[in-house]
Amino acid sequence: MTMTEQPAEPTEKGHTCCARHDDHATRSGTEEPESARERVNRRWNEILQETRVTQTGVQILFGFLLSVAFTPLFRELETLDRVIYVMTVVFGAAATGSLIAPVSIHRFLSGQRMKDEMVEAAGRLMVCGMVLLALTIGCTLLLILRFVVPGVLAEVLVGGVMLWFGLCWYVLPLRLRRRAARRAQREEA
């Protein structure tokens, strides 16, 4: 067992700071209750798995974006398309930084008995990285569609895709979280 896997300090109710997101699973009676240490370790492992998935996607996309500047067609881009390209590369670099940050956090804080704080910070960085990744994908799509589709159709299509990302990546999870919280409140009453 590493130092970061030591039991988390319980709060007044016997839960760690990270437990507030997971209480509904243990209250419903469908799963065995997990200790504070097990919960924080599970959440950390989930974040690392999520990081692996998103890192791969953002790194492939970022690599593609970097290579575009060296193609012959890049020299023919209009000023607006160059601005979109620069924004896309910057968003991609920032997304890469946010999505790789949990690894750095773990490396620097391993053994410091700060797993609760690591999980909280890594979770926030992952959300930030997902926003930046969505912006990178949207800008990439805009850059490509401006070449392929005439008129404002490119912007309309990108707007639709970004709306879809917002619904899938943010609205749906928040709605599910609210629904679970309401269900838990009814069960407590």
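Bear in mind that the values here come from a model prediction, so they are computed numbers and not experimental data.
Looking at heavy atoms from C-beta onward, Met87 lies in side-chain contact with Val83 at the 4.5 angstrom threshold. A 4.5 Å side-chain heavy-atom check between Leu73 and Glu76 finds at least one atom pair inside the cut-off. Inter-residue side-chain proximity for Val103 and Arg107 is flagged as unmet; no heavy-atom pair is nearer than 4.5 Å. With contacts defined as side-chain heavy-atom distances shorter than 4.5 Å, the pair Glu34/Asn41 does not qualify. Thr136 places none of its side-chain heavy atoms less than 4.5 Å from the side chain of Val90.
The shortest non-hydrogen separation linking Ala121 to Ile105 is CB-CD1, 4.1 Å. When all heavy atoms of Val58 and Gly92 are compared, the pair lying nearest together is CG2-O, 4.1 Å. Nearest heavy atom pair, residue Val158 against residue Gly138, reads CG1-O, 3.6 Å. The minimum heavy-atom distance linking Ala95 with Gly129 is given by the pair CB-O, 3.9 Å.
In summary, the side chains of Arg182 and Gln185 do not present any donor paired with an acceptor at a separation below 3.5 Å, with no hydrogens or angles considered.
Going from atom CG of Leu125 over to atom CD1 of Ile100 covers 12.0 Å, rounded to the nearest 0.5 Å. Here the OG1 atom belonging to Thr54 is positioned 10.0 Å from the CD atom belonging to Gln49, to the nearest 0.5 angstrom. Summarising the geometry, atom OG1 belonging to Thr79 is positioned 11.0 Å from atom CD1 belonging to Ile84; distances are rounded to the nearest 0.5 Å. Rounding to the nearest 0.5 angstrom, the gap separating the CG atom in Leu99 from the CD atom in Glu50 is 10.5 Å. Here Met118 contributes atom CE and Asp116 contributes atom CG; the two are 10.0 Å apart, rounded to the nearest 0.5 Å. The structure places CE of Met162 at 10.0 Å from CG of Leu142, a figure rounded to the nearest 0.5 Å.
Sorted by first then second residue, the ring pair (Phe, Tyr, Trp, His ring centres under 6.0 Å) pairs that include residues 140-166, not counting sequence neighbours, are Phe165-Trp169. The ring pair (Phe, Tyr, Trp, His ring centres under 6.0 Å) analysis of residues 126-145, with sequence neighbours excluded, yields no pairs. Residue pairs meeting the ring pair (Phe, Tyr, Trp, His ring centres under 6.0 Å) criterion with at least one partner in residues 50-79, sequence neighbours excluded, are Phe74-Tyr85.
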Where do Leu141 and Leu157 land on the side chain to side chain contact (heavy atoms under 4.5 Å, CB included) test, with the steps shown first?
-> CA-CA 9 Å; Leu141 191 57; Leu157 290 171; over 6 Å; no
Go through Arg124 and Glu120 one step at a time and tell me if the salt bridge (Lys or Arg N to Asp or Glu O under 4.0 Å) criterion holds.
-> CA-CA 6 Å; Arg124 288 186 176 147; Glu120 195 69 31; 3.6 Å; yes
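Listed for the Arg39 side chain is no donor-acceptor partner under 3.5 Å among the backbone atoms of Pro33. A donor-acceptor contact shorter than 3.5 Å is absent between the side chain of Thr71 and the backbone of Ser67. Within the 3.5 Å criterion, the main-chain N or O of Leu77 finds no donor-acceptor partner in the side chain of Asp81.
Classification of Glu38 and Arg42 as a salt-bridged pair fails, no side-chain N sitting under 4.0 Å from a carboxylate O.
Residues satisfying the salt bridge (Lys or Arg N to Asp or Glu O under 4.0 Å) criterion with Glu155, sequence neighbours excluded, are Arg146. Residues forming a side chain to side chain contact (heavy atoms under 4.5 Å, CB included) with Thr51 (at least two apart in sequence, or on another chain): Ile47, Gln55, Pro102, Met126.
Leu174 and Leu167 are not part of a single hydrophobic cluster, where members link through side-chain heavy atoms under 4.5 Å apart. Cluster annotation: Phe91 and Leu80 are assigned to the same hydrophobic cluster (Ile/Leu/Val/Met/Phe/Trp/Tyr, side-chain heavy-atom contacts under 4.5 Å, transitive). When hydrophobic clusters are built by joining Ile, Leu, Val, Met, Phe, Trp and Tyr residues whose side-chain heavy atoms come closer than 4.5 Å, directly or via intermediates, Val156 is not grouped with Ile144. Cluster membership for Leu143 and Val148, using ILVMFWY side-chain heavy atoms within less than 4.5 angstrom, is shared.
Listed by chain and number, the hydrophobic cluster partners of Leu176 are Leu172, where partners are ILVMFWY side chains within reach of under 4.5 Å, directly or through others.
Within 6.0 Å of atom CZ in Arg175, 12 or fewer heavy atoms from other residues, nucleotides or ligands are found, so the atom counts as exposed in its surroundings. Atom OH of Tyr170 is surrounded by more than 12 heavy atoms from other residues, nucleotides or ligands within 6.0 Å.
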